[in-house]
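Report on the following structure.
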Amino acid sequence: MAERYSSFSSGGNMWLLQRLTAAFLIVVLAFHFFLLHFVHHADEVSFLMSAGRMETLSYYSLMVLFLLTATFHGVNGVYNALINQGLTGTKRTVVKWTLIVASVVLIVQGIRTANAWAGIGLF
Amino acid sequence: MSTQVPKQTDESSENATDAETTVPSKGDARREEKRRRAAERREERQAEEAERAAAAEDTVELKVFRYDPEVEGKQEPRFDTFHVPFEKGMTVLDALMYSRDTYDSSLTFRHSCRQAICGSDAMFVNGTQHLACKTQISELSEPIRVEPLPHAEVTKDLVVDMEHFYDQMHAVEPYFQTNELPDGELDEQRQTRENREKVKMSTRCIWCAACMSSCNIAAGDNEYLGPAAINKAYRFAMDEREGEEIKQKRLEIIEQEHGVWRCQTQFSCTVVCPKDIPLTEHIQELKREAVKSNLKFW
Amino acid sequence: MSQSYNRGLIEDFGRWREFSAGMWAWIFHKFTGWVLVGYLFTHIAVLSTAIPAAGAEEAVLQAGDDVYTQTIVTLEELLLVRILEVGLLAVAVFHMLNGTRLLLVDLGIGLESQDKSFYASLVLTGAITVASVPTFIAGAF
């Protein structure tokens, strides 16, 4: 059973990252819900108000970080769930890269949206 | 009560005629007759016993999983019902032994010490993993469903194949290792009281496999080390006498792909452990140890 | 031993009545996680209507006639969307509360009361959701 030891993987780092992003997300998601449903109300959304918020650098960077951590936490969670269902071999590699591509698309699209509001030319 | 399979009686009578035609000695015939009468008497007694038990007020109803790959009529798994007279303090194991001794001697299950030390009689009782000798009948709702441990191959009746479980246990090298020996050749390797206290609960494992059977992750991933093996690794990794170097080796074993990171903290193992070992807590502590040692490594 | 019998996953959902607190917590956490990931993708898709909207005239933006504002306003006018939002809040709150519970478990805190903390997150989720209904439904009629 010596081959068991050779499959050492970076599972620990991903585990830790999942927890660190979790701690961050709990706070930011609570803030997000509070700001956009209780401070501002759902029926008074407009492009200019969203743009107004996003033009502040601290809000813009917080939202980008929110997007990055949420995507990582969510996609890594899905990947772990699938592995626990017994996903192995080629299927696993395919799923892994599909998820990575989906994450990249999501992040690019999210940042483009944020840029549109912030008035940054890149979108 | 349908503990006997009709096919079996046919076979035995065929065998009897064979014996008569090939060896028609008087002694054999007499012995055959005697055996037949004994069997009749036994059946009568069993039927009587069963009737009495079913009619009696204080009996418990047991539904027991049956499977025997070696007898044609028993290859299809089924449940047999046994009525057992209740006695104060009766355990599931007691009831099974009564059923075997009174109704059906082919009923098969493992047991040895009957006092929760040998770990042979972990079973699936009313939907949860229990040690049969440590589970009071009075605490269960009737009918009591007794099945072999889930997520393991059934060999016969309540007996499951434990080979895979033992493989996982051996994979964590469940024995003391050290390269930090005391100076004197005959010196003892002393453990501090605090350190003993730390590993105390983890040493209680009796290898009954109840935790492994309850684990939803182990069910899906056959290579997952499982709670018992990780607990075993904890017992030695936390033993200060083994030294840093061995501890690192142990952390690498439990950190592999099918090691601690697979645990989803469902607490199923901790709930079913008959020795009350805080398995989840131990697995979590090993995760933190592994993270710490990785961070140190950076 | 030539033959043995594999009973497969007999501890399946068919036995849900026998699941313990920790198991339920895991199932709910996984379910809410899937919902939240699904929402994240939808959310960004809807919000990215802001990209074409950014090219609109200042006057159009002032009047709120741009694609983004119109999309959101139309969606928020639907009662179904409002109800789904309450559901989303419930899902998110549970995932956050149970996530906090899991973080504590990972830190080795309060493992003996893990079942109670699960029930507490359920009750709290219910309370927060009910308390938020007026705010979430406001202006939908």
Side-chain angles (χ1 to χ4, degrees), chain A residues 15-16 18-23 25-30 32-34 36-39 41-51 54 63 66-67 70-71 73-81 84-85 99 102-103 105-121 123, chain C residues 26 29-31 33-34 36-41 43-56 58 60-73 75-77 81-82 85-86 88-89 92-93 95-97 99-100 102-103 106-107 128 132 135-141:
Chain A
W15 182 84
L16 184 61
Q18 187 76 351
R19 266 83 197 151
L20 291 177
T21 52
L25 285 169
I26 289 171
V27 180
V28 182
L29 184 58
H32 188 66
F33 255 105
F34 190 72
L36 298 175
H37 281 280
F38 294 87
V39 177
H41 293 278
D43 54 337
E44 33 184 71
V45 176
S46 76
F47 181 89
L48 287 181
M49 279 181 68
S50 304
M54 210 49 103
M63 285 303 111
F66 185 29
L67 175 70
T71 309
H73 188 86
V75 172
N76 189 44
V78 167
Y79 182 61
N80 284 337
N84 284 327
Q85 307 274 301
L99 286 174
S103 309
V105 170
L106 184 75
I107 288 169
V108 167
Q109 188 71 353
I111 291 179
R112 281 178 68 207
T113 309
N115 287 351
W117 277 318
I120 299 170
F123 63 85
Chain C
W26 181 75
H29 201 75
K30 196 149 102 159
F31 171 74
W34 279 103
L36 289 172
V37 172
Y39 180 74
L40 177 62
F41 278 85
H43 193 44
I44 295 295
V46 171
L47 292 189
S48 53
T49 51
I51 300 171
E58 187 63 24
V60 177
L61 291 178
Q62 285 291 350
D65 287 335
D66 58 280
V67 198
Y68 171 75
T69 311
Q70 284 307 313
T71 311
I72 303 287
V73 168
L75 282 173
E76 294 292 352
E77 269 169 2
V81 171
R82 294 304 187 92
E85 276 184 345
V86 175
L88 178 73
L89 177 80
V93 169
H95 202 81
M96 285 159 77
L97 290 174
T100 312
L102 289 176
L103 284 178
D106 285 332
L107 291 170
I128 291 176
S132 308
T135 321
F136 272 67
I137 299 296
F141 299 101

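Proteins come first, then strands; the chains are lettered A, B, ... in the order of their sequence lines, and each starts at number 1.
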Query raised in the report: Looking only at heavy atoms, what is the nearest atom pair of C/Phe41 and A/Ala102, with distance?
Result: CE2-O, 3.7 Å
Query raised in the report: For A/Phe66, what residues pass the ring pair (Phe, Tyr, Trp, His ring centres under 6.0 Å) criterion, not counting sequence neighbours?
Result: A/His32
Query raised in the report: Which value, rounded to the nearest 0.5 Å, describes the distance between C/Ile44 atom CD1 and A/Leu67 atom CG?
Result: 5.0 Å
Query raised in the report: If you measure from CZ on A/Phe33 to OG on C/Ser132, what distance do you get to the nearest 0.5 Å?
Result: 9.0 Å
Query raised in the report: Rounded to the nearest 0.5 Å, what separation is found between the CD atom of A/Gln18 and the CG atom of C/Leu103?
Result: 10.0 Å
Query - Closest non-hydrogen atom pair, A/Ala116 against C/Ala50 - result: CB-O, 3.8 Å
**Report entry** Under 4.5 Å from any heavy atom of chain C - which part of A/Ser50
**Finding:** side chain
Query raised in the report: salt bridge (Lys or Arg N to Asp or Glu O under 4.0 Å) with C/Asp66: which residues, sequence neighbours excluded?
Result: none
Requested in this report: Measure the spacing between OH of C/Tyr68 and OG1 of A/Thr113 and express it to the nearest 0.5 Å.
Outcome: 9.5 Å
Requested in this report: Side chain from CB out, backbone as N, CA, C, O: work out which of these in A/Ala30 comes under 4.5 Å of a heavy atom of chain C, or both, or neither.
Outcome: both
Query - Part of A/Ala23 lying under 4.5 Å from any heavy atom of chain C - result: both
Query raised in the report: So how far is it from C/Ser48 OG to A/Ile111 CD1, rounded to the nearest 0.5 Å?
Result: 13.0 Å
Requested in this report: Give me the ring orientation class for A/His37 and C/Phe136: parallel if the planes are under 30° apart, tilted from 30 to 60°, perpendicular past 60°.
Outcome: parallel
Query raised in the report: Is it the backbone or the side chain of A/Leu48 that comes under 4.5 Å from a heavy atom of chain C, or both, or neither?
Result: side chain
Query raised in the report: Should A/Phe47 and C/Thr71 be marked as a side chain to side chain contact (heavy atoms under 4.5 Å, CB included) after you check the CA-CA gap, both sets of side-chain angles, and the distance that decides it?
Result: CA-CA 10 Å; A/Phe47 181 89; C/Thr71 311; over 6 Å; no
Query - chain A contact via C/Thr100 - side chain, backbone, both or neither, heavy atoms under 4.5 Å - result: both
**Report entry** Sidechain-backbone polar pair: A/Ser46 side chain, C/Thr69 backbone, donor-acceptor under 3.5 Å
**Finding:** no
Report task. Measure distances from C/Leu97 to the heavy atoms of chain A and classify the residue's part below 4.5 Å as side chain, backbone, both or neither. Result -> neither
Report summary line: Output for pair (A/His41 NE2, C/Glu76 CD), nearest 0.5 Å, gives 12.0 Å
Query raised in the report: How about A/Phe38: does its CZ atom have over 12 heavy atoms from other parts shown lying under 6.0 Å from it?
Result: yes
Query raised in the report: Contact part of C/Leu36 toward chain A, heavy-atom cut-off under 4.5 Å: side chain, backbone, both or neither?
Result: neither
Report summary line: Per-residue tally against chain A (heavy atom, under 4.5 Å) across C/Val37, C/Leu47, C/Ile72 peaks at C/Leu47
Query raised in the report: Looking only at heavy atoms, which two atoms of C/Gly99 and A/Ile26 are closest? And how far apart?
Result: C-CD1, 4.4 Å
Report task. Counting only heavy atoms closer than 4.5 Å, note whether C/Gln62 contacts chain A via side chain, backbone, both or neither. Result -> both
**Report entry** pair C/Val73-A/Val45: side-chain heavy atoms closer than 4.5 Å
**Finding:** no
